[in-house]
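Take a look at the structure below.
Hydrogens, waters and symmetry mates are skipped; everything else that's a heavy atom, side chains included, is used. Everything numeric in this text was worked out from a predicted model, so none of it was measured. Every number for a ligand or one of its atoms is a count from 1 in the order of the listing.
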Amino acid sequence: MSLLFGKHLIKSTISFLKTELSFAIVNRKPVVPGHVLVCPLRPAKRFRDLFPEEINDLFNTVQRVSNVVETHFGGTSITISIQDGPEAGQTVHHVHVHILPRRAGDFERNDNVYELLQYHDKEGQDSQMKWRSEEEMEIEAAELRKYF
Ligand code: AMW
């Protein structure tokens with residue numbers, strides 16, 4: 001079975017959690033190790049488009065997933081972020097919550113994470129960051145699935 005993430009058809013093998021109204025996937029271009037995404041199953045574009053029960057399920061899922069990736073990737077904190085609309089940096093037109101495990105010294109300035117988040121998946125930006133292979137993503141998703 002596959003999942004819809006904006007215009008992307010996502011193979012279930014890169015998802016590691018599916019709830020009644022949400023799903024979690026590993027990232028094709030993570031900004032830090034363990035940078036994952038939680039999305040509503042319904043492909044709503046903007047946060048304002050979500051129904052209360054979808055917000056409830058989405059953020060309960062964000063909390064569960066945050067705890068797992070912080071532990072699994074040896075983080076000590078978490079950045080949780082939504083780029084809600086194109087001017088906020090949204091490239092995939094389907095609500096998604098970024099979850100990024102954080103640790104001391106991971107960025108020269110703590111808030112640099114937001115700059116990278118805004119540009120990491122735009123074409124022609126930051127050539128050091130590569131789109132990951134499906135195989136690499138599947139291995140990570142399988143590891144994370146064990147926690148749920
Ligand atoms: W946005 O810039 O819309 O807030 O974030 C989109 C996120 O989705 C980025 O982190 C990007 O790396 C990720 N992404 C884009 N396409 C895929 C995909 N096919 N599978 C997994 N992650 C993806």
Side-chain angles (χ1 to χ4, degrees), residues 1-19 21-51 54-55 57-70 72-75 77-103 106-148:
M1 203 204 87
S2 44
L3 297 156
L4 202 57
F5 175 43
K7 61 179 168 55
H8 306 280
L9 208 55
I10 299 288
K11 283 170 75 178
S12 59
T13 45
I14 74 138
S15 172
F16 56 91
L17 177 64
K18 187 163 169 279
T19 67
L21 298 173
S22 311
F23 64 96
I25 58 172
V26 299
N27 201 320
R28 237 181 110 201
K29 204 175 191 184
V31 164
V32 292
H35 173 192
V36 299
L37 304 169
V38 176
C39 319
L41 279 167
R42 189 172 66 88
K45 283 188 184 157
R46 295 286 308 274
F47 189 65
R48 64 178 174 219
D49 300 328
L50 297 178
F51 297 114
E54 291 175 310
I55 296 174
D57 188 293
L58 186 75
F59 274 88
N60 275 314
T61 307
V62 166
Q63 188 186 53
R64 291 173 68 196
V65 169
S66 296
N67 292 339
V68 162
V69 292
E70 185 173 326
H72 186 76
F73 290 92
S77 298
I78 290 281
T79 292
I80 295 171
S81 173
I82 302 179
Q83 305 200 116
D84 189 30
E87 287 69 41
Q90 184 180 24
T91 54
V92 178
H93 303 296
H94 181 152
V95 176
H96 50 283
V97 183
H98 294 261
I99 301 176
L100 301 98
R102 301 294 308 274
R103 53 175 98 185
D106 54 2
F107 289 90
E108 198 175 314
R109 275 183 62 251
N110 188 50
D111 285 359
N112 285 356
V113 70
Y114 295 109
E115 195 171 339
L116 200 49
L117 201 54
Q118 191 184 346
Y119 294 116
H120 74 290
D121 58 339
K122 308 257 189 317
E123 291 306 322
Q125 299 280 344
D126 196 17
S127 57
Q128 292 164 327
M129 294 178 69
K130 300 247 182 310
W131 294 101
R132 297 196 296 172
S133 70
E134 199 167 282
E135 189 192 5
E136 191 180 342
M137 293 167 72
E138 286 180 355
I139 291 168
E140 188 175 288
E143 284 298 314
L144 294 176
R145 210 173 291 127
K146 291 179 192 159
Y147 290 90
F148 297 98

Which atoms of ligand 1 sit under 4.0 Å from any heavy atom of [X]?
X	result
Lys29	12 (O)
Ile10	18 (C), 19 (N), 20 (N)
Val92	3 (O), 6 (C)

How close does the nearest protein non-hydrogen atom get to [atom], and which residue and atom is it?
atom	answer
atom 22 (N) of ligand 1	Arg28 N, 3.2 Å
atom 13 (C) of ligand 1	Asn27 OD1, 3.3 Å
atom 16 (N) of ligand 1	His8 NE2, 3.7 Å
atom 5 (O) of ligand 1	His96 NE2, 2.8 Å
atom 15 (C) of ligand 1	Trp131 CZ3, 4.0 Å

Checklist entry - Below 4.0 Å from any atom of ligand 1, is there a heavy atom belonging to His120? => result yes
Item to check | Heavy-atom gap Gln118 to ligand 1 smaller than 4.0 Å | outcome: no
Next on the checklist: For Gln90, which part has a heavy atom under 4.0 Å from ligand 1: side chain, backbone, both, or neither?
Outcome noted: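 The part of Gln90 near ligand 1 is both the backbone and the side chain.
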Checklist entry - ligand 1 versus Val26, non-hydrogen atoms closer than 4.0 Å: side chain, backbone, both, neither? => result backbone
Check for a donor-acceptor pair, side chain of [X] on one end and backbone N or O of [Y] on the other, with a separation under 3.5 Å.
X	Y	value
His35	Pro30	no
Arg102	Gly75	no
His8	Phe5	no

Next on the checklist: Between Phe23 and Leu37, is there a side-chain heavy-atom distance shorter than 4.5 Å?
Outcome noted: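 In short, these two side chains do not touch, never coming nearer than 4.5 Å.
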Item to check | Test log, rule side chain to side chain contact (heavy atoms under 4.5 Å, CB included), inputs Gln118 and Gln83 | outcome: CA-CA 8 Å; Gln118 191 184 346; Gln83 305 200 116; 4.0 Å; yes
Does an N or O from [X], backbone or side chain, lie closer than 3.5 Å to an N or O of ligand 1?
X	answer
Thr91	yes
Gly89	yes
Gln83	yes
Ile14	no

Next on the checklist: I'd like the name of whichever of Leu100, Leu37, Asp121 reaches closest to atom 8 (O) of ligand 1 through any heavy atom.
Outcome noted: Leu37
Next on the checklist: Counting only heavy atoms not in Glu115 (residues, nucleotides, ligands), do more than 12 fall under 6.0 Å from its CD?
Outcome noted: no
Next on the checklist: Does Arg64, at its CZ atom, have more than 12 non-hydrogen atoms belonging to other residues, nucleotides or ligands within less than 6.0 Å?
Outcome noted: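 No.
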Next on the checklist: Taking the ring of His98 and the ring of His96, is the distance between their centroids below 6.0 Å?
Outcome noted: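 For His96 and His98, the ring centres are under 6.0 Å apart.
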Checklist outcome for this item: Residues at least two apart in sequence or cross-chain that pass side-chain hydrogen bond (donor to acceptor under 3.5 Å, both in side chains) with Ser15, listed by chain then number, are none
Checklist entry - Who are the side chain to side chain contact (heavy atoms under 4.5 Å, CB included) partners of Asn67, not counting sequence neighbours? => result Gln63
Checklist entry - Between Lys29 and Asp121, does at least one N-O distance fall below 4.0 Å, as a salt bridge requires? => result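 No salt bridge links Lys29 with Asp121.
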